[in-house]
Amino acid sequence: MVLFISGRTDILSYYPNWFIKRIKEGYVDTRNPYNPNLVSRIHFSNVDIIVFCSKNPRPFLKYLDEVESILKDVPLVFHITLTPYNDDIEPIIGKIKKEVIEDIKYLSSRYGKDRIFLRYDPILKNKKYTIAYHLMAFSKLCELLNGYVSYVVISFIDIYKNVKHNSKVLNLIDINEKEYDLLAKSFYEIASKNGIEIFTCGEKKKFLNYGFINGACLSKKYALKLINPLNKVVKFKKQTNRKNNNCECVEMVDIGAYNSCLSKCKYCYANFDEKEVNSNFLKHNEDSSLLIGELTKEDIIKERR
């Protein structure tokens with residue numbers, strides 16, 4: 001089993017104490033977002049790989065020694081999102097970019113650059129964040145992280161519910177075909193110059209003709225590479241819960257919850273009601289097996305194998 005922590009909320013940034021308690025307890029519960037009374041119970045003894053996804057891993061860094069001591073044979077992979085937007089679009093994260101860069105360097109020195117995926121995601125265009133702006137920002141970012149990351153993942157903004165709600169803030173302008181080509185060609189050249197492999201994930205446009213690799217956030221090939229030294233026998237399934245068929249990732253189990261991330265980025269697909277975000281955060285209990293709220297008598301708990 002591959003544990004994804006998390007595409008729905010930034011657990012490392014806002015709920016690190018809860019997560020380390022779950023590791024110590026040996027299991028974690030997560031609600032099915034489409035059937036809330038159906039709860040999956042995941043025992044860490046069944047976990048083969050953990051993929052951490054965060055925009056601000058710093059609050060969790062102090063727990064890494066404990067994580068490693070408890071989950072001795074579980075490879076840790078880090079996807080760190082670093083975009084060039086300011087606090088008009090990223091109210092919290094827009095102010096701490098320098099710290100995140102230093103944290104990426106620290107994680108790379110600790111685990112090796114092959115375990116670090118930089119996410120330049122999502123790419124959006126408006127009058128402020130132009131194509132020229134992205135080329136400049138991406139170039140600077142790759143130069144700063146030269147030697148610290150092996151992979152960079154890019155994707156383009158999708159029109160989720162939250163994006164529609166924040167349309168006046170985002171003021172999106174469509175990216176045309178010439179601009180897609182310019183971004184692809186230039187991004188590949190910039191990444192290659194800095195020793196970084198680049199690919200898209202979950203996108204129709206893979207840009208293979210520009211030199212992009214046919215990769216994924218967690219491909220079957222990469223997952224097997226992580227566990228083969230441990231002599232484990234694992235069969236990975238392909239991810240099936242994406243809206244399109246362009247995702248090549250192996251199946252991952254997300255233990256996060258929608259509408260619970262305090263970063264409140266204006267383009268986020270997982271947060272679409274800020275009032276509910278604030279309400280859910282108040283329901284968080286560090287001692288609960290669930291990220292948000294408590295188990296009830298109506299809940300049906302099924303162990304996830």
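Remember, predicted model here, so these are calculated numbers, not experimental data.
- The number of heavy atoms from other shown groups lying within 6.0 Å of NZ (K193) does not exceed 12.
- Taking the six-membered ring for Trp and the full ring otherwise, F207 and Y188 have centroids separated by 6.0 Å or more.
- A donor-acceptor pair is defined here as one N or O able to donate and one able to accept, closer than 3.5 Å; no such pair exists between the side chain of N280 and the backbone of S260.
- Judged by distance alone, with hydrogens and angles left aside, the side-chain atoms of D299 form a donor-acceptor pair with the main-chain N or O of T296 at under 3.5 Å.
- In summary, the side chains of E90 and Y267 do present a donor paired with an acceptor at a separation below 3.5 Å, with no hydrogens or angles considered.
- Linking Ile, Leu, Val, Met, Phe, Trp and Tyr residues whenever their side-chain heavy atoms come within less than 4.5 Å leaves L38 and I42 in two separate clusters.
- Looking only at distances, no side-chain donor or acceptor of N126 sits under 3.5 Å from a matching main-chain atom of I173.
- Atom OG1 of residue T83 and atom OH of residue Y129 lie 9.0 Å apart, to the nearest 0.5 angstrom.
- A single hydrophobic cluster is seen to contain both V2 and L226, as judged by linkage of ILVMFWY side chains at heavy-atom distances under 4.5 Å, directly or through other members.
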* Should F52 and F78 be marked as a ring-ring contact (aromatic ring centres under 6.0 Å, His included) after you check the CA-CA gap, both sets of side-chain angles, and the distance that decides it? -> CA-CA 5 Å; F52 291 112; F78 294 85; 5.2 Å; yes
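- Formation of a donor-acceptor pair under 3.5 Å by the E203 side chain with backbone atoms of F156 is found in this model.
- A donor-acceptor contact shorter than 3.5 Å links the side chain of R31 to the backbone of P36.
- One hydrophobic cluster holds both F199 and L224 under the rule that ILVMFWY side chains link at heavy-atom gaps under 4.5 Å.
- The CD1 atom of I227 lies 5.5 Å from the CG atom of D48; values are rounded to the nearest 0.5 Å.
- In this structure, R304 and T30 have side chains that are not in contact, with every pair of non-hydrogen atoms separated by 4.5 Å or more.
- When side chains are defined from C-beta on, I255 counts as touching I11, because their heavy atoms get closer than 4.5 Å.
- Relative to the ring axis of Y180, K205 places its NZ or CZ within 45° and under 6.0 Å from the centre.
- Under a hydrophobic clustering in which Ile, Leu, Val, Met, Phe, Trp and Tyr are joined whenever their side-chain heavy atoms come within less than 4.5 Å, directly or via other members, Y133 and L172 fall into the same cluster.
- Using modelled atom types, no side-chain atom of S155 and backbone atom of C201 make a donor-acceptor pair closer than 3.5 Å.
- For the pair I80/P57, a side-chain contact is recorded, criterion being any heavy-atom separation below 4.5 Å from C-beta on.
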* Could you go step by step and tell me if K128 and N86 meet the side chain to side chain contact (heavy atoms under 4.5 Å, CB included) rule? -> CA-CA 10 Å; K128 179 178 180 179; N86 298 320; 3.4 Å; yes
* Pair R22-F44, side chain to side chain contact (heavy atoms under 4.5 Å, CB included): steps then yes or no -> CA-CA 9 Å; R22 297 323 313 151; F44 285 96; 4.2 Å; yes
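- In this structure, L61 and L107 have side chains that are in contact, with non-hydrogen atoms separated by less than 4.5 Å.
- Seen from the ring of Y148, K105 counts as a face-on cation partner, given the 6.0 Å and 45° thresholds.
- With respect to K185 and E189, a salt bridge is recorded, a charged nitrogen being found less than 4.0 Å from a carboxylate O.
- The aromatic rings of F272 and Y258 lie tilted to each other, with the angle between the two planes from 30° to 60°.
- In this structure, the side chain of S186 engages the main chain of L182 through a donor-acceptor pair within 3.5 Å.
- A side-chain donor from one of S6 and D254 sits under 3.5 Å from a side-chain acceptor of the other.
- V77 is listed as a side-chain neighbour of Y222, based on a closest heavy-atom distance under 4.5 Å.
- Atom CD1 of residue I131 and atom CD1 of residue I175 lie 4.5 Å apart, to the nearest 0.5 angstrom.
- Linking Ile, Leu, Val, Met, Phe, Trp and Tyr residues whenever their side-chain heavy atoms come within less than 4.5 Å leaves F19 and L295 in two separate clusters.
- Note: Y27 and H43 have tilted aromatic rings, judged against thresholds of 30 and 60 degrees for the angle between ring planes.
- Residues N171 and K127 fail the side-chain proximity criterion, which asks for heavy atoms closer than 4.5 Å.
- Between the S139 side chain and the M136 main chain, no donor and acceptor come within less than 3.5 Å of each other.
- Neither side chain, Y14 nor N56, offers a donor N or O lying under 3.5 Å from an acceptor on the other.
- Side-chain atoms of K125 and N176 form no donor-acceptor pair, as typed in the model, at a separation below 3.5 Å.
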* To do: Check step by step if side chain to side chain contact (heavy atoms under 4.5 Å, CB included) holds for C217 and F117.
  => CA-CA 8 Å; C217 298; F117 289 69; over 6 Å; no
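- Classification of the F281-H284 ring pair by plane angle, with boundaries at 30° and 60°, yields parallel.
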* Please lay out, stage by stage, how I198 and F138 fare under the test side chain to side chain contact (heavy atoms under 4.5 Å, CB included). => CA-CA 12 Å; I198 186 170; F138 187 74; 4.0 Å; yes
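- Contact of the V100 side chain with the R58 side chain is not registered, since no non-hydrogen atoms from C-beta on lie closer than 4.5 Å.
- At distances below 3.5 Å, at least one donor-acceptor pair connects side-chain atoms of N166 with backbone N or O atoms of K266.
- Using a 4.5 Å heavy-atom threshold, the side chains of Y15 and I292 count as touching.
- One finds no salt bridge joining K55 and D10 here, because no Lys/Arg side-chain nitrogen approaches an Asp/Glu carboxylate oxygen to under 4.0 Å.
- Rounding to the nearest 0.5 Å places CD of E286 at 5.0 Å from NZ of K21.
- A donor-acceptor pair under 3.5 Å is absent between the side-chain atoms of K95 and the main chain of I92, judged by distance alone.
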